[in-house]
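Indexing begins at 1, ligand by ligand and atom by atom, following the structure's order. Positions are given from 1, in the same order as the sequence printed here.
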Amino acid sequence: MKKIGIVGAGFTGAVLAYRLALEGYSVDVFDSRPHLAGNCYSKRDKETGVMVHVYGPHIFHTNDKHVWKFVNHFDEFMPFVNRVKAIVKGRVYTLPINLLTINQFFDKALAPSEAKTFLASMSDKSIDIPQNFEEQALKFIGRDLYEAFFLGYTAKQWGIHATKLRASILKRLPVRFNYDDNYYSSLYQGMPRNGYTYIVEKLLDHPSIKINLNECFEYGHAEGYSHVFYSGPIDKWFEYKDGRLGYRTLDFEASRYHGDYQGNAVINYCDVAVPWTRISEHKHFVPWESHERTLIFKEYSRFCGENDIPYYPIGLAKEKTLLKHYVDLARQERNVSFVGRLGTYRYLDMHITIREALDAANIFLMAQDKGHDIPVFFVDPLQ
Ligand code: UDP
């Protein structure tokens with residue numbers, strides 16, 4: 001039986017392990033943390049009984065029918081729609097920017113076509129192709145909305161000015177000229193009834209899968225395996241020998257109360273004067289459960305130090321150069337593939353991670369069948 005090593009027990013590693021174990025491979029999964037599910041790890045808080053997303057809110061949403069069917073196979077997905085609120089200068093608005101946000105912010109009662117014309121009149125016409133986050137915002141929503149909702153939040157979240165940040169980050173958020181305040185524009189959205197850890201446990205529940213928690217995968221380990229899928233940080237594989245790729249990390253400050261703290265799962269604080277970026281109240285992620293007490297997390301973002309958990313890849317020019325260097329080194333490796341958010345240094349949502357892991361497993365199996373080389377990357381990290 002061929003032995004496969006998988007580094008990282010997040011969704012990428014777990015989906016790969018699941019698929020390969022079903023095809024008859026023996027799989028060893030390693031994770032340096034004491035738990036499964038990577039940054040999707042969820043567990044019940046002992047004091048309140050509330051299911052907590054330990055590394056911050058994870059809301060499952062996708063347009064990919066296959067991925068939706070796949071995850072529903074492992075747990076029941078309960079109806080949940082993320083309706084984010086934002087506090088700006090003491091007033092509450094709805095996000096993503098929609099007709100209600102525009103009308104409340106400008107104290108108007110515009111119809112959709114009027115709001116479109118109005119926002120177009122605010123657009124910075126001097127920007128042709130936006131080169132950064134700020135230009136993207138100034139072109140599409142104008143200075144007033146940009147400064148209220150994005151400038152401060154983005155400075156807190158990324159620790160750099162929005163002119164330094166890539167435009168693609170803002171493209172994650174739509175602007176709507178109707179009253180739809182669903183944060184995501186996805187066909188499918190929901191929350192797993194038993195939490196994300198439960199799904200990962202089920203994915204890995206196979207006699208041919210051996211789980212090694214609290215265990216760092218050392219370079220030398222690779223020799224015992226016919227192939228290794230590595231979903232840890234790409235620079236870590238090379239022992240950071242030429243420098244570290246920059247990430248943002250998050251700190252969470254927990255508090256417990258009786259009743260309902262903020263009446264919603266997520267409220268963003270866009271003013272730069274407020275030190276946290278958002279407050280999440282996790283019992284609102286599970287509206288089908290009822291809890292007398294509540295647990296909230298104030299979320300703070302900062303530069304990721306050597307012993308911190310990496311969350312968001314910063315991806316500035318200097319990181320791009322370093323990433324290219326590590327990608328070039330990686331391409332010279334044999335019998336290892338770099339996968340997932342950290343293995344390819346990309347900002348990935350859960351559904352993309354799962355889709356890519358399913359595709360990687362298929363490509364791997366096909367290559368094995370035909371005796372072809374296994375790709376070092378299944379997607380290009382430099383794109
Ligand atoms: N953003 C912002 N204000 C908000 C929400 C988001 O400025 O109230 C910006 C911020 O730069 C953030 C990006 O939009 O990093 C993408 O937001 P998203 O909600 O997708 O971030 P995530 O939930 O992944 O942290």
Item checked: Short N-O contact, Arg91 and Asp271, less than 4.0 angstrom -> no
Atom 13 (C) of ligand 1 has as its nearest protein heavy atom Ile169 CG2, 3.6 Å
The answer for which part of Cys270 has a heavy atom under 4.0 Å from ligand 1 is side chain
In ligand 1, the atoms that come under 4.0 Å of a heavy atom of Leu95 are 8 (O)
With heavy atoms and a 4.0 Å threshold, my read on which part of Leu173 contacts ligand 1 is side chain
Is the terminal nitrogen or CZ of Arg278 (NZ for Lys, CZ for Arg) located under 6.0 angstrom from the six-membered ring centre of Tyr183 and within 45° of that ring's axis? no
Atom 19 (O) of ligand 1 sits nearest the protein heavy atom Tyr183 OH, 2.5 Å
Atoms of ligand 1 under 4.0 Å from any heavy atom of Phe133, numbered from 1 in the order shown, are 9 (C), 11 (O)
**Message:** Taking a cutoff of less than 4.0 Å between a non-hydrogen atom of the residue and any ligand atom, is Ala86 in contact with ligand 1?
**Reply:** no
Exercise. Hey, is Asp251 close enough to Arg302 for a salt bridge, meaning N to O under 4.0 Å?
Worked result: yes
(Q) Could you tell me if Arg19 sits above the aromatic ring of Tyr25, with its cationic atom closer than 6.0 Å to the ring centre and no more than 45 degrees from the axis? (A) no
min-distance protein heavy atom vs atom 23 (O) of ligand 1 -> Arg278 NH1, 3.4 Å
shortest atom 22 (P) of ligand 1-to-protein heavy-atom contact is with Tyr347 OH, 3.4 Å
For atom 5 (C) of ligand 1, the closest protein heavy atom turns out to be Asn268 ND2, 3.3 Å
Are Glu23 and Lys2 ion-paired here, with the side-chain N under 4.0 Å from a carboxylate O?
no
Under 4.0 Å from one or more heavy atoms of Gln157, ligand 1 contributes atoms 15 (O)
Among Tyr184, Tyr153, Tyr93, Tyr311, closest by heavy atom to atom 2 (C) of ligand 1 is Tyr153
Check: of Thr154, Ile97, Val84, min heavy-atom distance to atom 7 (O) of ligand 1 comes from Thr154
Query raised in the report: Are Leu99 and Leu119 connected in a single hydrophobic cluster, I mean Ile/Leu/Val/Met/Phe/Trp/Tyr linked by side-chain heavy atoms less than 4.5 Å apart?
Result: no
* Where do Asp45 and Arg256 land on the salt bridge (charged side-chain N to carboxylate O under 4.0 Å, His left out) test, with the steps shown first? -> CA-CA 10 Å; Asp45 176 52; Arg256 292 170 181 81; 2.8 Å; yes
Here the pair of heavy atoms bringing Thr294 nearest to Glu281 is OG1-OE2, 2.6 Å
Atom 3 (N) of ligand 1 has as its nearest protein heavy atom Phe149 O, 2.9 Å
Atom 25 (O) of ligand 1 has as its nearest protein heavy atom Tyr312 OH, 2.5 Å
Among non-hydrogen protein atoms, atom 20 (O) of ligand 1 lies closest to Arg172 NE, 2.7 Å
Evaluation steps, salt bridge (charged side-chain N to carboxylate O under 4.0 Å, His left out), between Arg83 and Asp181:
CA-CA 6 Å; Arg83 298 190 198 282; Asp181 63 352; 2.6 Å; yes
*Taking only Lys NZ, Arg NE, NH1 and NH2, and the carboxylate oxygens of Asp or Glu, determine whether Arg244 and Asp235 approach each other closer than 4.0 Å.*
no
